[in-house]
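Below is one structure; the comments refer to it alone.
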Amino acid sequence: MDHRGTNLPAVGEYNQTVVLDAIRRRPEGSTRSEIAALTALSAMTVTKVCRRLLDAGLIEEQGMRTGGPGKPAAVVKLNPGGGFAVGVHIDPAAVSYVLMDLSGAILDHSRTGTPTAGDASVVIAEMAAAIDALIDGSGVDRSRVLGIGIASPGPVTVDDGVLLNPPMMPNWHRVALRSSLAEATGLPVLLEKDTTATVIAELWYASPGTRRDFAFMYYGTGLGTGLSLSGEVVRGVSSNAGDAGHITVDPDGPVCTCGRRGCVGYVTVPRVVVERAVRDGVLTPAEVGDVDDMSDVDSSLRRLAELAQQGHSAAVAILADVSRALARAIVVIVNLLDIDEVVFGGPFWASISPVILAALPEAVRADPALVSPHPVRIVESAIPVDVAAVGAATLMLDNTFSPRPSALLLTAE
């Protein structure tokens with residue numbers, strides 16, 4: 001999404017983020033006159049902003065470009081080493097970490113065990129140690145690390161950085177994660193709901209104008225949904241928007257933890273799908289192992305998908321039901337928001353994606369409840385590692401460098 005600047009002198013910081021965002025989105029480089037045309041800023045404003053960005057080491061000049069009469073113009077590009085961000089994704093199954101540079105390139109990533117075991121303070125100490133190891137092992141200049149973004153299951157209070165009572169994490173009740181991790185690492189910390197972080201990642205990596213109105217279906221330990229409308233993340237009043245897990249997709253289905261039957265966030269999640277595979281005789285308890293161990297669940301899910309691809313009728317039936325349940329939830333979301341794209345990702349998605357993607361688009365298109373007149377694209381996230389961890393890192397980059405129109409609002413004393 002291209003942003004437009006303003007030449008009012010009171011909004012220099014906003015203009016700086018507009019210029020930097022324009023430069024970031026064009027890795028081939030841009031001249032100052034091209035940036036002025038893209039941002040609707042004056043040539044003088046762009047020149048002043050670029051000078052500040054060069055002095056800060058965020059951009060660099062690389063070569064000259066001739067575009068017509070007159071002298072060749074210097075080409076400016078983002079300096080990837082001008083800043084770095086750490087992303088942390090807390091999931092009931094594991095804690096994932098990524099280190100990214102200013103361009104969004106993933107320099108390193110790691111993963112540690114489940115955060116549900118033990119006291120939260122112990123896990124926070126382990127997180128701080130893992131972050132220090134990630135930074136030190138990468139060899140980047142720690143003074144260039146902008147901070148840490150955290151993606152966590154909701155509900156959260158973003159303003160004060162507290163995890164309220166995330167599902168499947170019984171030891172994490174009202175944990176002041178942001179302040180605790182900031183104190184342990186000495187770095188600025190931002191907290192966001194995990195599904196919101198996935199949307200931030202998709203928008204950050206998307207080419208200008210290619211991804212605006214979509215839902216991100218996050219297939220992890222649970223099923224979560226993040227939303228983008230008109231190229232902006234939908235957060236909601238308390239920054240907990242997008243919890244679509246309790247959409248009823250099967251009124252006669254199993255009882256959800258909420259007490260109702262057939263919630264999509266219950267009937268489609270990995271553990272429940274694997275447990276059904278055992279009940280239906282597709283997998284044996286010995287094959288599955290420990291359903292509380294997400295590694296065992298992931299392996300079992302992959303085996304179930306392999307059997308379905310080989311034509312095992314009961315395996316096909318199980319994943320067909322998953323596809324229909326997801327399709328019904330997607331139809332509700334598409335009808336409500338009039339979006340045209342649904343992106344899938346998450347740590348367990350790759351295990352079943354070939355089977356689900358073979359059936360899901362047609363299941364959505366053929367659903368009699370679908371009222372949208374436009375086609376709905378079902379696509380996979382192209383982000384190569386844990387998308388929520390990447391989203392957490394881009395949260396820090398986005399907060400630092402992406403233009404926000406709200407920054408133009410002046411508050412009366």
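Hydrogens, waters and symmetry mates are skipped; everything else that's a heavy atom, side chains included, is used. Nothing fancy with the numbering, it's 1 onward along the sequence.
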Mind telling me whether Phe344 and Trp349 have parallel, tilted or perpendicular rings, with 30° and 60° as the class edges?
parallel

Taking all non-hydrogen atoms of both residues into account, name the closest pair between [X] and [Y] and its distance.
X      : Y      : value
Pro270 : Phe348 : CG-CG, 3.7 Å
Ser239 : Val158 : CB-CG2, 3.4 Å
Ser103 : Trp204 : O-NE1, 4.5 Å
Gly253 : Arg261 : O-NH1, 2.9 Å
Ser152 : Leu191 : CB-CD1, 3.9 Å

Among [options], which one satisfies side chain to side chain contact (heavy atoms under 4.5 Å, CB included) with [X]?
X      : options                        : result
Val331 : Ile247, Leu370, Leu326, Val371 : Leu370
Leu102 : Leu397, Asn79, Ile59           : Leu397
Ile318 : Leu307, Asp280, Val355         : Asp280

Taking only residues two or more places apart in sequence or in another chain, which ones pass salt bridge (Lys or Arg N to Asp or Glu O under 4.0 Å) with [X]?
X      : result
Arg32  : Glu61
Asp367 : none
Glu275 : Arg271

Pairing of [X] and [Y] as salt bridge, 4.0 angstrom limit:
X      : Y      : value
Asp340 : Arg377 : yes
Asp55  : Arg51  : no
Arg142 : Asp132 : yes
Glu34  : Arg26  : no
Asp250 : Arg324 : no

How far apart are the C-alpha atoms of Thr225 and Thr195, what are their side-chain angles, what is the distance that settles it, and do they pass the side-chain contact (heavy atoms from CB on, under 4.5 Å) test?
CA-CA 6 Å; Thr225 307; Thr195 52; 5.6 Å; no

Do you see a donor-acceptor pair shorter than 3.5 Å between the side chains of [X] and [Y]?
X      : Y      : value
Asp91  : Thr221 : yes
Asp159 : Thr157 : no
Ser228 : Glu202 : no

With distance as the sole test, does [X] use its side chain to make a donor-acceptor pair with the main-chain N or O of [Y] at under 3.5 Å?
X      : Y      : result
Tyr205 : Ser381 : no
Asn240 : Val156 : yes
Thr185 : Leu181 : yes
Asp386 : Ser96  : no
Tyr219 : Ala350 : no
Arg144 : Phe84  : no
His109 : Leu99  : no
Asp194 : Gly154 : no
Thr268 : Gly265 : no
Thr196 : Glu192 : no

Spacing of Leu360 atom CG and Ile356 atom CD1 [to the nearest 0.5 Å]
7.0 Å

For Gln309, I'd like to know if atom CD has over 12 heavy atoms of other residues, nucleotides or ligands within 6.0 Å.
yes

Does Lys77 NZ have over 12 foreign heavy atoms under 6.0 Å away?
yes

Can you find a heavy atom in the side chain of Leu177 that is under 4.5 Å from one in the side chain of Val162?
no

Heavy-atom distance under 4.5 Å between the side chains of Ile148 and Pro188, does that happen here?
no

What verdict does the side-chain hydrogen bond (donor to acceptor under 3.5 Å, both in side chains) test give for Ser42 and Thr45, after you've listed the backbone C-alpha separation in whole Å, the side-chain angles of each residue and the deciding distance to 0.1 Å?
CA-CA 5 Å; Ser42 70; Thr45 297; 2.8 Å; yes

Can you check side-chain contact (heavy atoms from CB on, under 4.5 Å) on Leu337 and Asp213, steps first, answer last?
CA-CA 9 Å; Leu337 301 175; Asp213 299 278; over 6 Å; no

For Ser300 and Glu287, run side-chain hydrogen bond (donor to acceptor under 3.5 Å, both in side chains): C-alpha distance rounded to whole Å, both residues' side-chain angles, the deciding distance at 0.1 Å, then the answer.
CA-CA 7 Å; Ser300 301; Glu287 286 179 295; over 6 Å; no

Tell me, with the steps shown, if Ser351 and Asp298 meet side-chain hydrogen bond (donor to acceptor under 3.5 Å, both in side chains).
CA-CA 7 Å; Ser351 303; Asp298 189 38; 2.4 Å; yes

